[in-house]
2 protein chains.
Amino acid sequence: MRLRHVLLVLIAERPHTGYDVTQRMQKTMSMIWSAHHSQIYPELAAMEADGLLTCEAGAGPGPREKKTYTVTEAGRHELRIWLGSPYQPRAPKDELVLRAFAAASADPAELAAVYEEETRQIEGRLARYATIRAEVEESGHTDDPTRPEFGHLLSLLHGIAVAEARLVWCRDTVRRLRAADLVR
Amino acid sequence: MRLRHVLLVLIAERPHTGYDVTQRMQKTMSMIWSAHHSQIYPELAAMEADGLLTCEAGAGPGPREKKTYTVTEAGRHELRIWLGSPYQPRAPKDELVLRAFAAASADPAELAAVYEEETRQIEGRLARYATIRAEVEESGHTDDPTRPEFGHLLSLLHGIAVAEARLVWCRDTVRRLRAADLVR
DNA sequence: TGTTGCATGTAAGGGGTTACATGATTGA
DNA sequence: TCAATCATGTAACCCCTTACATGCAACA
């Protein structure tokens, strides 16, 4: 039931439609979580049935109604319980690291190219994070723990820290693989 | 088809039984990947059916035969193809970061306790990584790209780098949450 | 007139976790 | 005698991705 908590977090900030949630996941929230609308719409309906959300329906642009969801008191309670509960990490499943693990079965030059491309990707991501960070900090609410921006900055700082660590690792990996390729 | 590649990587090093693979995932490989035996046994059977593995069966300790799998030439080919193919990252889904994102809906002191516990967990993990690193480096094969230890060290260095970055972030997050709690 | 954005839904299938199930050997 | 280790399998269920499906409004 992890998506349920993601949806509670977002809708607790302010009311959202399923479409709004989908957009936020694809854009600003993409370094934390993502989900497809095909997963979001049924879950929102289930959460309403369970009393965590209420729904206000109105005329929509298409053939169906547009539904705006709001968190109920029961929903806020569930959210607080979850936020204080012990954290149980999932096993990391990282294909990039798996490939490094398998280096002995690879062509070093080919594998080095994969990590070189990844350094470029991470550099781009870091640039985007820097832009978002400037926007969030400009809001002036990042020291107020009752404001969403406080938490947004925290998660952004995580994204930046981990991306930087991976960037250094990727560069070192390219260097080691190139050295290995010369020896060969 | 991601588990398939993990199994190819491990069995390409040397023949494994399903039990061997399960053990390695739970122990030394846990920072890269993990899977339960209920997923591994059927996948090994499917890979044999697809010609990526061959299987040698003998008397086992229990009611069923013990099966040792070896990678075929087709399996090694598939592995090389995958290692050189473009990397497409999955969306990160990190509950710890999601909680930070939701800080505005949390009790700051309670949330700080969650991150304090996580710093302790990471410190323990880093100590275990250091032990494994010493063992791998002692083997003396970490500069030879044809040896499994070369790749093992690379992935271990990733685990260490990311764990250290997260540790710094966790400590900073505790500090920010405690400061917020005082203001409140 | 064709594409993008808004807005909501269903269906099929892949991947993963938890639980159920069996049974021999070794060591405390 | 009780627990752990070795060893393999199935079944139910949950979560997620990909693809199918509809239709209006605005803009180029």
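Reminder, nothing fancy here: chain letters follow the sequence lines and each chain counts from 1. Here the structure is a predicted model, which is why all the values come from computation and not from measurement.
Under the side chain to side chain donor-acceptor pair (under 3.5 Å) rule, A/Arg166 has a single partner from A/Asp94, A/Thr173, A/Thr119, which is A/Asp94. Here the options are A/Leu154, A/Val9, A/Val6, the test is side-chain contact (heavy atoms from CB on, under 4.5 Å), and the partner is B/Phe101; only A/Val9 passes.
The pair A/Asp20-A/Arg24 does not count as a salt bridge, with every side-chain nitrogen at least 4.0 angstrom from each carboxylate oxygen.
Separating the NZ atom of B/Lys67 from the C1' atom of D/dA7 is a distance of 11 Å, rounded to the nearest angstrom. One atom, CD of A/Gln88, and another, C1' of C/dG16, lie 16 Å apart when rounded to the nearest Å. Rounding to whole angstrom units, CZ of residue A/Arg4 and C1' of D/dC14 are separated by 12 Å. The nearest whole Å value for the distance from the CD atom in B/Gln26 to the C1' atom in C/dG16 is 15 Å. Following rounding to the nearest Å, B/Arg90 (CZ) and D/dC16 (C1') show an atom-to-atom distance of 10 Å. Atoms OH (A/Tyr19) and C1' (D/dT22) sit 15 Å apart, rounded to a whole Å. When the P atom of C/dA21 is taken as reference, atom CZ of B/Arg64 falls 13 Å away, rounded to whole Å. The interatomic distance linking B/Leu3 (CG) with C/dG16 (P) rounds to 6 Å, in whole Å.
Of all nucleotides listed (C/dG5, D/dA7, C/dG9), D/dA7 comes nearest to the side chain of B/Lys66.
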Contact string for nucleotides 23-28 of chain C, one letter per nucleotide 5' to 3', B = base within protein heavy-atom range under 4.0 Å, S = sugar-phosphate only, - = neither, reads BB----
I would like to know whether A/Arg90 and A/Arg2 meet side chain to side chain contact (heavy atoms under 4.5 Å, CB included); could you show each step before the answer?
CA-CA 12 Å; A/Arg90 309 257 148 180; A/Arg2 300 155 75 202; 3.8 Å; yes
Please determine whether side chain to side chain contact (heavy atoms under 4.5 Å, CB included) holds for the pair A/His141 and A/Phe150, giving the CA-CA distance in whole Å, both sets of side-chain angles, and the decisive distance to 0.1 Å.
CA-CA 7 Å; A/His141 302 306; A/Phe150 176 77; over 6 Å; no
Hey, mind stepping through A/His5 and B/Glu95 against side chain to side chain donor-acceptor pair (under 3.5 Å) and telling me if it holds?
CA-CA 9 Å; A/His5 293 129; B/Glu95 231 185 270; 5.8 Å; no
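The residue B/Gly60 sits apart from the nucleic acid: no heavy atom pair falls under 4.0 Å.
Side-chain contact between B/Asp143 and B/Glu137 is absent, with no heavy atoms from C-beta onward closer than 4.5 Å. Considering only heavy atoms from C-beta on, B/Arg178 comes within 4.5 Å of B/Glu116 through its side chain.
To the nearest 0.5 Å, atom CD of residue B/Gln39 and atom CE of residue B/Met25 are 8.0 Å apart.
Listed in residue order, the members of residues 27-57 of chain B having a heavy atom less than 4.0 Å from DNA chain D are B/His37, B/Ser38, B/Tyr41.
The side chain of B/Lys93 places no N or O atom within less than 4.0 Å of a non-bridging phosphate oxygen (OP1 or OP2) of D/dC15.
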